[in-house]
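Report on the structure given below.
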Protein chains: 2
Amino acid sequence: MNDFLTEMEYVGLTSRLKRLSDSLLYSTKELYKSEGLDIEPNWNLIFILLQENEAMTITEISETLQFSHPAVVKIINKMKKNGHVETRTDTEDKRKQILTLTEKAYKQLPLFEKYWTAGRQTVMDLLEDSPNFLEEFLKIEEKVNQSDYMERTLKNLKNDELSN
Amino acid sequence: MNDFLTEMEYVGLTSRLKRLSDSLLYSTKELYKSEGLDIEPNWNLIFILLQENEAMTITEISETLQFSHPAVVKIINKMKKNGHVETRTDTEDKRKQILTLTEKAYKQLPLFEKYWTAGRQTVMDLLEDSPNFLEEFLKIEEKVNQSDYMERTLKNLKNDELSN
DNA sequence: TCTAATTAAGTAACTGGTTACGCAAATGTA
DNA sequence: TACATTTGCGTAACCAGTTACTTAATTAGA
């Protein structure tokens with residue numbers, strides 16, 4: 001393959017993560033489009049959550065997925081537009097929007113699930129020769145969660161300066 | 001941590017890749033901003049390439065990084081605006097833009113390199129407990145390159161249908 | 001040699017995320 | 001009980017990528 005970013009080792013990793021993530025994202029969009037499915041990447045997560053929990057708020061979903069809340073607002077607005085999600089204002093706390101799946105959503109679920117199952121199989125295939133990947137990826141996430149890139153880099157900088 | 005996407009195993013991986021990639025990206029931007037550095041994430045790659053090769057075109061860079069060419073145009077335009085890159089039209093092929101680093105860029109390089117070295121150290125730290133990560137990540141990239149997510153998923157779908 | 005096909009690069013419109021900000025409702029407190 | 005703080009969520013502006021399209025220059029071929 002002879003990929004420059006790979007040759008860069010540690011320096012190229014961030015860009016490679018984005019490149020792979022984007023590649024999966026665009027390929028998924030293309031798949032749904034080519035099959036005439038009226039859904040988008042990530043929606044499966046919302047479907048799963050709302051099936052499991054019946055009703056959730058924007059904030060609950062954003063905390064569960066660890067996405068920013070505006071990201072969830074955008075996804076939900078699209079799903080509402082497509083008639084897969086409906087909202088009502090909570091009667092006890094009028095700030096809250098209660099989200100539920102529509103009847104249309106439940107009707108289409110079996111079809112969608114075929115695609116999601118096949119997609120899940122694809123990820124399993126991709127990971128087949130990388131038996132430690134999920135475990136080691138989790139370790140990286142945990143480290144970044146515990147202290148982020150900036151914090152770590154500033155600390156490294158300070159250490160470098162001290163040792164000069 | 002109890003992360004929903006992690007619990008989802010294969011289903012959550014794509015979103016986790018994006019989440020981590022974004023987290024690194026925004027953290028890097030914040031680092032440069034807080035330190036008053038007039039550069040952006042990815043620019044180190046262009047600096048390295050233009051140092052090694054003296055002069056390159058947009059297309060050469062986009063092929064080397066495996067980015068789309070408009071992505072490179074955008075990065076280069078910003079670097080030109082900041083005075084780190086200059087362009088001239090190739091005399092033999094007037095379609096081509098020859099990119100080179102400016103004097104200002106070379107002057108600032110030693111400073112930037114301190115940050116890039118510290119950042120490289122951060123990635124090394126993050127990967128410390130994941131000794132197979134780079135190798136296994138490469139395997140996934142190669143698989144996706146060989147046959148993308150959509151192609152694989154359509155194939156899985158067909159297989160599922162046949163076995164019913 | 002003229003024309004068709006290819007190539008380089010710029011632009012526009014879009015994507016799924018982000019941060020920053022604002023408003024209204026709920027909660028805590030002096 | 002009134003006022004300050006917090007919370008939920010919507011909107012705006014931005015970001016780094018993408019695809020699709022355009023234009024101009026070069027190359028290939030009848």
Side-chain angles (χ1 to χ4, degrees), chain A residues 5 14-30 32-34 39-46 56-63 65-80 85 87-99 148-150, chain B residues 5 14-30 32-34 39-46 56-63 65-80 85 87-99 148-150:
Chain A
L5 291 185
T14 306
S15 299
R16 284 167 70 197
L17 282 169
K18 172 137 181 74
R19 212 170 52 177
L20 180 60
S21 149
D22 277 352
S23 157
L24 294 172
L25 179 71
Y26 285 97
S27 202
T28 306
K29 284 185 73 69
E30 208 191 328
Y32 292 153
K33 196 178 164 189
S34 80
I39 49 175
E40 313 240 343
N42 277 337
W43 289 16
N44 55 341
L45 302 170
I46 311 283
M56 294 179 82
T57 65
I58 300 280
T59 304
E60 282 166 3
I61 290 180
S62 76
E63 281 168 358
L65 298 182
Q66 291 177 226
F67 286 10
S68 69
H69 87 265
V72 177
V73 169
K74 282 189 189 177
I75 295 172
I76 293 299
N77 279 342
K78 277 197 193 170
M79 293 182 79
K80 280 168 74 173
V85 161
T87 61
R88 61 172 197 278
T89 305
D90 186 300
T91 47
E92 308 210 325
D93 183 341
K94 283 166 202 157
R95 292 169 308 178
K96 292 185 182 169
Q97 290 296 305
I98 311 287
L99 311 176
D148 72 9
Y149 180 90
M150 172 170 160
Chain B
L5 291 186
T14 306
S15 300
R16 284 165 71 196
L17 283 168
K18 172 137 181 74
R19 213 171 51 179
L20 179 60
S21 148
D22 277 352
S23 158
L24 294 172
L25 178 70
Y26 285 98
S27 203
T28 306
K29 285 186 73 71
E30 208 191 327
Y32 292 153
K33 196 179 164 189
S34 79
I39 49 175
E40 312 240 342
N42 276 340
W43 290 15
N44 55 341
L45 302 171
I46 310 283
M56 293 179 82
T57 65
I58 299 278
T59 303
E60 281 165 4
I61 291 180
S62 77
E63 280 169 358
L65 298 181
Q66 290 178 226
F67 286 10
S68 69
H69 88 266
V72 176
V73 169
K74 283 189 188 178
I75 295 172
I76 293 298
N77 279 344
K78 278 196 193 173
M79 293 181 78
K80 279 169 74 172
V85 161
T87 61
R88 61 173 196 278
T89 304
D90 186 300
T91 46
E92 306 211 324
D93 183 341
K94 284 168 203 157
R95 293 169 307 177
K96 291 186 184 172
Q97 290 297 305
I98 310 287
L99 311 177
D148 73 9
Y149 179 90
M150 171 170 160

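All chains are named by letter (A, B, ...) in the order of the sequence lines, taking the proteins before the strands, and each is independently numbered beginning at 1.
- B:Q97 is not listed as a side-chain neighbour of B:D90, based on a closest heavy-atom distance of 4.5 Å or more.
- Using a 4.0 Å heavy-atom cutoff across all strands shown, A:K29 reaches sugar-phosphate atoms only and no base atom.
- What separates CZ of A:F67 from C1' of C:dG16 is a distance of 9 Å, to the nearest Å.
- Atom CD1 in A:I76 sits roughly 14 Å away from atom P in C:dG16 (whole-Å rounding).
- The CD atom of A:E60 sits 15 Å away from the P atom of D:dT7 (whole-angstrom rounding).
- Residue A:K78 places at least one side-chain N or O closer than 4.0 Å to OP1 or OP2 of C:dG16.
- Checked against C:dT18, C:dA25, D:dC9, the side chain of A:D93 finds its nearest nucleotide in C:dA25.
- How far CD1 of A:I39 is from NZ of A:K29: 11.0 Å, rounded to the nearest 0.5 Å.
- Straight-line distance from the CG atom of A:L20 to the P atom of D:dA16: 20 Å, rounded to whole Å.
- A:T59 places a side-chain heavy atom less than 4.5 Å from the side chain of A:E63.
- Of the residues near DNA chain C, B:K33 and B:D22, the one whose nearest nucleotide (by heavy atom distance) lies more toward the 5' end is B:D22.
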CA sep, side-chain torsions, deciding dist, call: B:L45, B:I61, side-chain contact (heavy atoms from CB on, under 4.5 Å): CA-CA 10 Å; B:L45 302 171; B:I61 291 180; over 6 Å; no
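- Side-chain proximity of B:H69 to the nucleotides D:dT26, D:dT11, C:dG10 is greatest for C:dG10.
- Atom pair B:R19:CZ and C:dT18:C1' shows a separation of 15 Å (rounding to whole Å applied).
- Distances were taken from every side-chain heavy atom of B:T57 (C-beta onward) to each of C:dA9, C:dT18, D:dG10; the shortest belongs to C:dA9.
- At whole-Å resolution of the value, NZ in A:K74 and C1' in D:dC14 are 9 Å apart.
- Nucleotides of DNA chain D nearest to A:N77 and A:K18 differ in position, and the one nearer the 5' end is that of A:N77.
- Whole-Å rounding puts the A:I61 CD1 to D:dT7 P distance at 20 Å.
- Between B:K94 atom NZ and D:dT23 atom C1' the separation is 16 Å, expressed in whole Å.
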Margin query: Is there a side-chain contact (heavy atoms from CB on, under 4.5 Å) between B:L99 and B:I76? Walk through the geometry before answering.
Written below: CA-CA 9 Å; B:L99 311 177; B:I76 293 298; 3.7 Å; yes
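- The nucleotide whose nearest atom lies closest to any side-chain atom of B:P70 is, among D:dT19, D:dT26, D:dG10, D:dT19.
- Looking at heavy-atom distances under 4.0 Å, B:E92 makes contact with sugar-phosphate atoms alone, never a base.
- Taking every side-chain heavy atom of B:R95 into account, D:dA24 is the closest of D:dA16, D:dA24, C:dA26.
- Each of A:T59 and B:L25 has a nearest nucleotide on DNA chain D; the 5'-most of these lies closest to A:T59.
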